[in-house]
Structures are given as C-alpha cells and as structure tokens.
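Right, one structure below, let's go through it.
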Amino acid sequence: RFLLICAAVLLAVAARGNRHHGRPACGLPKFADKLAVEKKSELEAIWKDFKEGAECEDEREKTKEFVSKLSVEERKTIFDKHHRGGPHFLKGVPEETRDKFHQLFRDHSVDREEKHKLFHELALKELKGENLEEFLKFEKTMEERKAEFNKKVEALSADAKKVYDQLQSLKEQKRKIMADAKPEVRKELDALYESGHHRGGRHGHHGDRRH
C-alpha cells in the first residue's frame with residue numbers, strides 16, 4: 001500500500017530519523033560529532049578497538065543500546081541535523097512544506113487510503129515544477145508496486161490469506177491505538193521508533209514498508 005511503502009521515505013521528509021538503506025557501515029557513526037563531549041567519548045569508547053575490515057556486530061549492538069538511552073532532545077539533535085536528504089521530490093523545498101508532509105504522515109486519525117488521497121492533494125498544492133513531477137513519478141511507482149503486491153495477495157492460499165487478513169487487522173488496530181493516544185504519548189513513541197535503530201523486529205507502528 002502507498003502509505004506503508006512511503007513510510008520510510010516520509011520520515012526523512014521531516015528530517016526525523018531517516019532510516020538507512022541496508023546495514024549501516026562499520027565504524028564510529030558520523031553523528032558522533034553532534035553529541036556533547038561526554039556522550040561522544042562514550043560512543044568513541046564503543047568503537048575504539050574496531051579495526052577496518054573486521055566484523056562489527058558487537059559494536060553495532062552497543063551503539064543501538066547507546067542511542068536508545070539518549071534523551072528525546074539528544075536524538076532529535078543528532079538525527080534531525082545529520083539526515084537532511086529526504087525524498088527527491090522534496091529536494092530544495094521550504095522547511096514549512098516538509099513539515100506539512102511530516103504532520104500528515106503523523107496523523108494517525110486518518111486511515112491509509114484516505115492518507116494516500118491527502119498526500120496527493122498536498123503535493124498538488126505545495127509542489128511545483130520538477131518537485132511535483134518527481135512526486136507523480138514516485139506515486140506512480142508506488143501504485144505499480146501496490147498492484148503487484150495485491151496480485152500476490154490474491155494468489156495466496158486460503159490459510160495464508162486468513163493470516164494475512166489478521167495481520168492487516170492488527171495494523172489497523174495499531175493505528176487506532178495511536179490515534180486515541182494523547183499527543184505527548186504519540187510524541188514519545190514516535191521518537192522511540194524514529195531513532196532508526198529498531199530495524200530488527202520492526203516492532204513499531206512503522207513496521208512493514210512494502211504494503
């Protein structure tokens with residue numbers, strides 16, 4: 001589905017923890033320079049014995065744990081200012097426009113299909129020239145992937161389709177829970193999953209990005 005395919009991309013839109021494509025490189029993370037001296041030293045200690053070309057699973061896990069213990073403001077500082085790229089169709093647009101896409105993405109009161117429509121309307125209103133062209137290309141690609149995915153769903157066995165429907169129902173329940181939560185609670189949870197270091201189980205409400 002468009003929204004869930006878009007999820008990772010639109011997180012970067014608001015520059016709040018754009019997720020890495022693939023595994024992060026081994027070595028001291030670049031965001032270390034954004035940290036206070038004491039915190040930077042703590043992170044450097046994790047990577048001090050790492051040798052170029054070696055495996056770094058232990059260091060990665062310790063880095064994840066380190067980031068999970070940072071305050072919300074510290075995470076905002078390192079990820080907001082470190083990851084500014086975002087999707088190509090928002091390249092060079094005003095920060096106000098990025099915020100509008102972010103706010104829509106974070107609006108848990110709107111279901112997926114309605115949000116798809118609202119994203120389209122927002123793009124037509126806020127984007128111009130090459131930015132709008134890029135969005136429409138992106139949207140077309142997402143629709144094509146959605147159609148391909150739906151064909152695969154239709155080909156599922158009865159048992160698999162039953163489980164799939166149950167999983168979809170759980171996703172909708174998750175959305176409703178977030179929609180009913182207090183704003184400050186949603187903010188806490190968003191910050192928790194936006195750090196980009198919970199990819200393994202994708203436990204958060206940004207789980208499956210493909211559909």
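A quick note: this is a predicted structure, and the numbers were derived from the prediction, not measured. Nothing fancy with the numbering, it's 1 onward along the sequence.
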Taking only residues two or more places apart in sequence or in another chain, which ones pass salt bridge (charged side-chain N to carboxylate O under 4.0 Å, His left out) with [X]?
| X | result |
| --- | --- |
| Lys69 | Glu65 |
| Glu44 | none |
| Glu172 | Arg175 |
| Lys117 | none |

* **Heavy-atom neighbours of Glu55 CD exceed 12 at 6.0 Å** =>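 Check fails, neighbour count at 12 or below.
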* Taking atom CD of Glu184 as the centre, report whether more than 12 heavy atoms of other residues, nucleotides or ligands fall under 6.0 Å from it. => yes
Within this structure, what is the [atom1]-[atom2] distance for the pair [X] and [Y], rounded to the nearest 0.5 Å?
| X | Y | atom1 | atom2 | answer |
| --- | --- | --- | --- | --- |
| Lys100 | Leu118 | NZ | CG | 13.5 Å |
| Leu104 | Glu114 | CG | CD | 9.5 Å |
| Glu130 | Lys91 | CD | NZ | 9.0 Å |
| Leu156 | Lys162 | CG | NZ | 14.5 Å |
| Glu121 | His116 | CD | NE2 | 10.5 Å |

* For His108 and Lys174, what are the C-alpha separation, side-chain angles and deciding distance, and is it a side chain to side chain contact (heavy atoms under 4.5 Å, CB included)? -> CA-CA 9 Å; His108 300 285; Lys174 194 180 296 185; over 6 Å; no
* Mind checking who shares a hydrophobic cluster with Leu170, ILVMFWY linked at side-chain heavy-atom distances under 4.5 Å? ->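 Leu170 clusters with Val163, Leu167.
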Between [Y] and [X], is there a side-chain heavy-atom distance shorter than 4.5 Å?
| X | Y | value |
| --- | --- | --- |
| Val93 | Phe101 | no |
| Phe50 | Leu28 | no |
| Leu127 | Leu90 | yes |
| Cys26 | Glu52 | no |
| Leu43 | Lys40 | no |

* **Partner set under side-chain hydrogen bond (donor to acceptor under 3.5 Å, both in side chains) for Lys161, not counting sequence neighbours** => Asp165
* Starting from the C-alpha separation in whole Å, work towards a yes-or-no answer on side chain to side chain contact (heavy atoms under 4.5 Å, CB included) for Arg186 and Leu189. => CA-CA 5 Å; Arg186 290 199 298 268; Leu189 293 173; 5.8 Å; no
Please determine whether a side-chain nitrogen of the Lys or Arg among [X] and [Y] lies less than 4.0 Å from a carboxylate oxygen of the Asp or Glu.
| X | Y | value |
| --- | --- | --- |
| Lys62 | Asp58 | yes |
| Lys151 | Glu154 | no |
| Arg145 | Glu148 | no |

* Asked: Taking Lys115 for the side chain and Asp107 for the main chain, is one N or O donor matched with an acceptor at less than 3.5 Å?
  -> yes
* Kindly determine whether His120 and Phe135 satisfy side chain to side chain contact (heavy atoms under 4.5 Å, CB included), including the steps that lead there. => CA-CA 9 Å; His120 181 84; Phe135 174 83; 4.2 Å; yes
* Asked: Do Leu124 and Phe89 share a hydrophobic cluster, counting only Ile, Leu, Val, Met, Phe, Trp and Tyr and linking them when any side-chain heavy atoms are less than 4.5 Å apart?
  ->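 Yes, because Leu124 and Phe89 connect within a single hydrophobic cluster, where side-chain heavy atoms sit under 4.5 Å apart.
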What heavy-atom pair brings [X] and [Y] nearest, and what distance separates the two atoms?
| X | Y | value |
| --- | --- | --- |
| Leu70 | Lys39 | CD2-CD, 4.1 Å |
| Trp47 | Gly27 | CZ3-N, 3.0 Å |
| Thr63 | Pro29 | CG2-CG, 4.1 Å |

* Asked: Does the pair Glu143 and Lys140 meet the rule for a salt bridge (charged side-chain N to carboxylate O under 4.0 Å, His left out), with working shown?
  -> CA-CA 5 Å; Glu143 288 296 331; Lys140 181 180 179 181; over 6 Å; no
* To do: Would you sort out whether Thr97 and Leu122 count as a side chain to side chain contact (heavy atoms under 4.5 Å, CB included), showing the intermediate values?
  => CA-CA 9 Å; Thr97 299; Leu122 181 61; over 6 Å; no
